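Each remark here refers to the structure printed beneath this line.
The residues of the chain are indexed from 1 along the displayed sequence. This structure is a prediction, so every number in the text was calculated from the model and none was measured.
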Amino acid sequence: MAPGKKYVEAAKKFDRSQLHEPEQAFELVKGLASRNFDETVEVAFKLGIDPRKSDQMIRNTVSLPAGTGKSMRVAVFAEGDAAKAAKEAGADIVGSDDLVEKIQGGWFDFDAAVASPDMMPKVGKIGKILGPRGLMPNPKAGTVTPDVAKAVDEIKGGKVEYRSDKFGNVHLILGKASFDEDALKKNFAAVLDEVIRAKPSSAKGRYIKSITLSSTMGPGVRVDPNASSRDLVAHSS
């Protein structure tokens, strides 16, 4: 499908081959977000990993200091006291067999799923449904846990999951176009720090090959990976 008129016009406003300092990149992305809704700002990393090797696949979570700007809908698989705790923590839906059946019937009105460990045999029945959508609870991501209330609270507070795709790319949201640049930079610094920390020991050569920022409907703005590292150091000092 050909890009829309607004996208083409936005892409003409800057040199898409140029590498930008993070501050310049966020200024551009915010300025190019011209739709009549609050666009989501995203970052994409192209990493020097071999996605065919299991020990180089990356999957974890990161907490965004300034939040996501999105009201995250959380589904929790739990029973008894754990279910009660999840509801008190603000879970949008809590259930057991009934929730499994609801999802089997095609209901996916949630952004993240959490499960207590004893629920995993039941959740496993819908693994092939949740997995491709990135919604399968996972111990490494902290979404399979006895403390479901804490997991719900963290997700609602800005904790997001990320994982590398089959091409070695990692995509994450950084907030909304309405965020001020400082908020976006704080989230970017936290994400960059996490991606660097997650580098597989077996990955060889250049690790971060490229970084691209964009809004939901806007063109990609390339960020200088070296400048990004300097920005992170400056932010953390």
Side-chain angles (χ1 to χ4, degrees), residues 22-23 25-45 58-76 86-94 108-115 130-138 140-145 147-165 169-198 211-221 223 228 231-232 235-236:
E23 191 168 314
F26 283 120
E27 186 178 341
L28 269 172
V29 169
K30 284 171 59 65
L32 294 168
S34 57
R35 301 292 170 149
N36 58 357
F37 64 93
D38 193 7
E39 296 183 46
T40 297
V41 176
E42 304 170 350
V43 60
F45 295 89
I58 296 172
R59 181 174 185 175
N60 216 316
T61 60
V62 59
S63 292
L64 303 181
T68 63
K70 178 181 179 181
S71 179
M72 296 291 285
R73 297 161 297 177
V74 184
V76 178
K87 290 176 183 176
E88 291 176 350
D92 296 272
I93 184 168
V94 181
F108 300 103
D109 192 20
F110 57 99
D111 303 297
V114 174
L130 297 179
R133 292 175 169 82
L135 295 171
M136 185 67 179
N138 182 280
K140 284 185 68 177
T143 48
V144 176
T145 172
D147 195 346
V148 292
K150 180 183 178 183
V152 170
D153 189 56
E154 288 178 340
I155 293 169
K156 292 281 188 178
K159 184 179 181 179
V160 295
E161 185 177 354
Y162 69 92
R163 60 178 174 176
S164 52
D165 64 20
N169 301 317
V170 168
H171 298 263
L172 279 140
I173 65 171
L174 292 178
K176 294 289 186 177
S178 60
F179 280 20
D180 62 40
E181 288 176 29
D182 282 344
L184 289 171
K185 284 175 65 179
K186 284 180 181 178
N187 283 351
F188 174 71
V191 166
L192 181 60
D193 186 35
E194 169 60 25
V195 170
I196 291 172
R197 185 206 60 76
I211 304 174
T212 305
L213 299 176
S214 64
S215 61
T216 305
M217 305 296 289
V221 178
V223 181
S228 303
D231 184 73
L232 178 62
H235 171 82
S236 303

Ignoring hydrogens, what is the shortest heavy-atom contact between [X] and [Y]? Give both atom names and the distance.
| X | Y | value |
| --- | --- | --- |
| G220 | T212 | CA-CG2, 3.6 Å |
| A190 | S63 | CB-O, 4.0 Å |
| V152 | G90 | CG1-C, 4.1 Å |
| V223 | P22 | CG1-CG, 4.1 Å |
| V148 | A86 | CG2-CB, 4.0 Å |

Test side chain to side chain contact (heavy atoms under 4.5 Å, CB included) on F45 and N169; report intermediate values, then the result. CA-CA 6 Å; F45 295 89; N169 301 317; over 6 Å; no
Run the side chain to side chain contact (heavy atoms under 4.5 Å, CB included) check on L184 and V29 step by step: do they pass? CA-CA 11 Å; L184 289 171; V29 169; over 6 Å; no
Other residues, nucleotides and ligands only: do more than 12 of their heavy atoms fall within 6.0 Å of CD on E27? no
What verdict does the salt bridge (charged side-chain N to carboxylate O under 4.0 Å, His left out) test give for K156 and D92, after you've listed the backbone C-alpha separation in whole Å, the side-chain angles of each residue and the deciding distance to 0.1 Å? CA-CA 10 Å; K156 292 281 188 178; D92 296 272; 2.7 Å; yes
For a side chain to side chain contact (heavy atoms under 4.5 Å, CB included) check, start with the C-alpha distance between N187 and F179, then their side-chain angles and the critical distance, and finish with the verdict. CA-CA 11 Å; N187 283 351; F179 280 20; 4.0 Å; yes
Inter- and intrachain pairs under salt bridge (Lys or Arg N to Asp or Glu O under 4.0 Å), touching residues 61-70, at least two apart: K70-D111
Counting C-beta onward and ignoring hydrogens, is there a side-chain heavy-atom pair between S164 and V170 closer than 4.5 Å? yes
Pairing residues for F26 by the ring pair (Phe, Tyr, Trp, His ring centres under 6.0 Å) criterion, not counting sequence neighbours: F188
Applying ring pair (Phe, Tyr, Trp, His ring centres under 6.0 Å), can you list everything that pairs with F110, at least two apart in sequence or on another chain? W107
Working to the nearest 0.5 angstrom, can you tell me the gap between [X] [atom1] and [Y] [atom2]?
| X | Y | atom1 | atom2 | value |
| --- | --- | --- | --- | --- |
| L32 | L213 | CG | CG | 11.0 Å |
| D182 | E23 | CG | CD | 8.0 Å |
| K140 | T61 | NZ | OG1 | 10.5 Å |
| M136 | E161 | CE | CD | 11.5 Å |
| K186 | L174 | NZ | CG | 14.5 Å |
| I155 | T143 | CD1 | OG1 | 6.5 Å |

Examine distances only and state if a side-chain atom of K30 and a backbone atom of A177 form a donor-acceptor pair shorter than 3.5 Å. yes
Suppose we screen for side chain to side chain donor-acceptor pair (under 3.5 Å). Which residues come up paired with N138, at least two apart in sequence or across chains? none
Identify, with sequence neighbours excluded, every residue that meets side chain to side chain donor-acceptor pair (under 3.5 Å) alongside R197. E194
In S178, S215, S214, the residue satisfying side-chain hydrogen bond (donor to acceptor under 3.5 Å, both in side chains) with E39 is S215
Going by side-chain contact (heavy atoms from CB on, under 4.5 Å), name the residues that satisfy it together with T40, two or more places apart in sequence or in a different chain. E42, I173, K176, T216
